[in-house]
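Structure, as structure tokens:
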Amino acid sequence: MRPLAPGVHQLLGRPPHMINAYLVEDVLVDAGTRAARRRISRRLRGREISAHVVTHAHPDHFGSSHALCDEFDLPLWAGQRDIEAIETATPVTAPGRLPKLLSHMKMPDPHPVTRGLREGDEVAGFTVLDVPGHSPGHIALWRDHDGVLICGDVFFRLARVSGPPDFLTWDRERNRESMRRLAELRPRLVLFGHGRPLRAPDRLRRLVG
């Protein structure tokens, strides 16, 4: 488990930084794919975990949520408009033929959401931001006093910092609006769903122009 900021740790995936999960104080943020369950479980054992938050209802972010919530007896929290997708394991897809084909792949196990998160809610010292686009109920977590942002998939940082792929994004224009909103925060540390952490306050603003 890799410390990144006070109370914030990254649970590195395989390969590292490809699909991220985080431990924020005693809250697990995202849970990777179904295949990540054992790896995440090992890193959480012996720790006091109070809840599990999913930034958005895509199978590489709530893939192991059901198993981990059952194992550690955790309540599951997610953005209000992504609750149905998690509870039925039917993510809302982007328009087009390829997303429709992808929707027929094996989905994670469904799990009940016990708290629908809304703009302004507090989670482990972070403020919930409603940033739809990549999914209808996508949320980000923002800690104002030290500028830490957990952005989910509003941005990617794989080969470079970018928006998410269009074919995986429910509403591209709304995601662009969410990108602009997060960039205006000038975060000092950006933690992505996919990619390495970024410590460059103006990098996101340059991207959205």
Side-chain angles (χ1 to χ4, degrees), residues 1-13 16-33 36-58 60-80 82-83 86 111-131 135 137-155 157 178 181-182 185-199 201 204:
M1 203 173 298
R2 181 187 182 199
L4 299 171
V8 180
H9 294 77
Q10 181 180 9
L11 283 66
L12 291 170
H17 309 291
M18 182 61 71
I19 301 175
N20 297 319
Y22 300 94
L23 185 63
V24 179
E25 300 296 351
D26 59 352
V27 175
L28 173 66
V29 178
D30 285 340
T33 64
R37 179 185 65 80
R38 290 181 182 177
R39 172 177 52 80
I40 294 176
S41 175
R42 286 195 300 269
R43 286 163 171 75
L44 296 182
R45 284 174 195 156
R47 295 176 176 268
E48 290 292 329
I49 311 298
S50 68
H52 172 36
V53 169
V54 172
T55 59
H56 61 289
H58 283 178
D60 54 340
H61 291 261
F62 79 102
S64 293
S65 294
H66 172 70
L68 292 168
C69 286
D70 277 2
E71 179 179 355
F72 293 97
D73 193 24
L74 301 176
L76 178 59
W77 303 345
Q80 188 72 30
D82 271 5
I83 290 176
I86 293 172
H111 195 84
V113 175
T114 56
R115 180 184 177 191
L117 296 173
R118 300 178 184 273
E119 176 82 19
D121 285 347
E122 189 271 338
V123 172
F126 282 70
T127 300
V128 173
L129 304 179
D130 185 23
V131 284
S135 76
H138 198 302
I139 60 165
L141 300 176
W142 167 244
R143 194 163 71 183
D144 184 68
H145 73 82
D146 60 355
V148 179
L149 174 67
I150 301 174
C151 73
D153 283 3
V154 176
F155 293 93
R157 191 191 185 193
S178 293
R181 180 187 182 191
L182 296 186
L185 296 172
R186 299 188 69 245
R188 293 195 287 274
L189 172 62
V190 185
L191 305 179
F192 302 88
H194 306 279
R196 296 177 178 275
L198 175 69
R199 299 180 187 271
L204 302 185

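Please read all numbers here as calculations on a predicted model, not as lab measurements.
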Problem - Side-chain touch Pro112/Leu76, heavy atoms, less than 4.5 angstrom - result: no
Handout entry: Worked verdict on Leu191 versus Val8 for side chain to side chain contact (heavy atoms under 4.5 Å, CB included)
Key = CA-CA 10 Å; Leu191 305 179; Val8 180; 3.6 Å; yes
Completion exercise
So CZ of Phe192 and CD1 of Ile150: to nearest 0.5 Å the spacing works out to 12.0 Å
Handout entry: Pairing residues for Met1 by the side-chain contact (heavy atoms from CB on, under 4.5 Å) criterion, not counting sequence neighbours
Key = His9, Leu11, Leu23, Arg43, Arg47
Completion exercise
Here the gap from Trp77 atom CH2 to Thr114 atom OG1, rounded to the nearest 0.5 Å, amounts to 7.5 Å
Completion exercise
In terms of heavy-atom contacts, Val154 and Ser178 come closest through CG1-C, 3.9 Å
Exercise for the section: Can you see which heavy atom on Arg37 is nearest to which on Ser64, and at what distance? Expected result: N-OG, 3.1 Å
Problem - Donor-acceptor under 3.5 Å (Thr55 side chain, Gly152 main chain) - result: no
Exercise for the section: For residues Val24 and Val123, determine if any side-chain heavy atom of one lies less than 4.5 Å from a side-chain heavy atom of the other. Expected result: no
Problem - Residue pair Val148 / Phe126, side-chain heavy-atom distance below 4.5 Å - result: yes
Problem - Side chains of His194 and Asp153, donor plus acceptor under 3.5 Å - result: yes
Handout entry: Gap between atom CG of Asn20 and atom CG of Asp60 - 0.5 Å precision
Key = 10.5 Å
Practice task
Check whether any side-chain heavy atom of Leu141 sits under 4.5 Å from a side-chain heavy atom of Leu129, and report yes or no.
Solution key: no
Exercise for the section: Quick one: pull up CZ in Arg181 and SG in Cys151 and give me the separation to the nearest 0.5 Å. Expected result: 13.5 Å
Exercise for the section: Spell out, as yes or no, whether a donor-acceptor pair under 3.5 Å connects the side chain of Arg115 to the backbone of Ala78. Expected result: no
Exercise for the section: With side chain to side chain contact (heavy atoms under 4.5 Å, CB included) as the test, would you mind laying out the steps for Leu117 and Gln80 before giving the verdict? Expected result: CA-CA 5 Å; Leu117 296 173; Gln80 188 72 30; over 6 Å; no
Practice task
Can you see which heavy atom on Gly193 is nearest to which on His61, and at what distance?
Solution key: CA-CE1, 3.9 Å
Handout entry: Interatomic spacing from CG in Leu68 to CZ in Arg38 - rounded to 0.5 Å
Key = 12.5 Å
Handout entry: Audit row: His111, His52, side chain to side chain donor-acceptor pair (under 3.5 Å) steps and yes/no
Key = CA-CA 12 Å; His111 195 84; His52 172 36; over 6 Å; no
Practice task
Please check if the side chain of Glu119 supplies one atom and the backbone of Asp130 the other of a donor-acceptor pair under 3.5 Å.
Solution key: yes
Problem - Heavy-atom check, side chain of Pro197 versus side chain of Arg2, under 4.5 Å - result: yes
Handout entry: Test item: Asp146 and Pro6 side chains (from C-beta on) under 4.5 Å apart, heavy atoms
Key = yes
Exercise for the section: Taking atom CZ of Arg196 as the centre, report whether more than 12 heavy atoms of other residues, nucleotides or ligands fall under 6.0 Å from it. Expected result: no
Fill in the blank from the handout: When every non-hydrogen atom of Leu74 is compared with those of Ala51, the smallest separation belongs to CD2-N, 3.9 Å
Practice task
Report yes if some heavy atom in the side chain of Val190 is under 4.5 Å from a heavy atom in the side chain of Phe155; otherwise report no.
Solution key: no
Fill in the blank from the handout: Residue set satisfying side-chain hydrogen bond (donor to acceptor under 3.5 Å, both in side chains) with Arg157, at least two apart, ordered chain then number -> none
Exercise for the section: Could you tell me whether Asp121 and Arg118 make a salt bridge, using a distance below 4.0 angstrom between a side-chain N and a carboxylate O? Expected result: no
Practice task
May I ask you to say whether Arg45 pairs ionically with Glu71, meaning some side-chain N is under 4.0 Å from a carboxylate O?
Solution key: yes
Handout entry: Distance-only donor-acceptor check, side chains His58 and His138, under 3.5 Å
Key = no
Exercise for the section: Identify the heavy atoms of Arg143 and Gly125 that sit nearest to each other, and give their distance. Expected result: CG-O, 3.6 Å
Problem - For Leu189 against Ala5, the heavy-atom pair lying closest together - result: CD2-CB, 4.0 Å
Problem - Glu48, CD atom: more than 12 neighbouring heavy atoms under 6.0 Å - result: no
Practice task
Supply the atom-to-atom distance Ile40 CD1 to Ser65 OG, rounded to the nearest 0.5 angstrom.
Solution key: 8.0 Å
Handout entry: Partner of Phe62 by side-chain contact (heavy atoms from CB on, under 4.5 Å), out of Thr33, Val54, Asp82, Asp30
Key = Val54
Handout entry: Close side-chain approach of Tyr22 to Leu28, heavy-atom, < 4.5 Å
Key = no
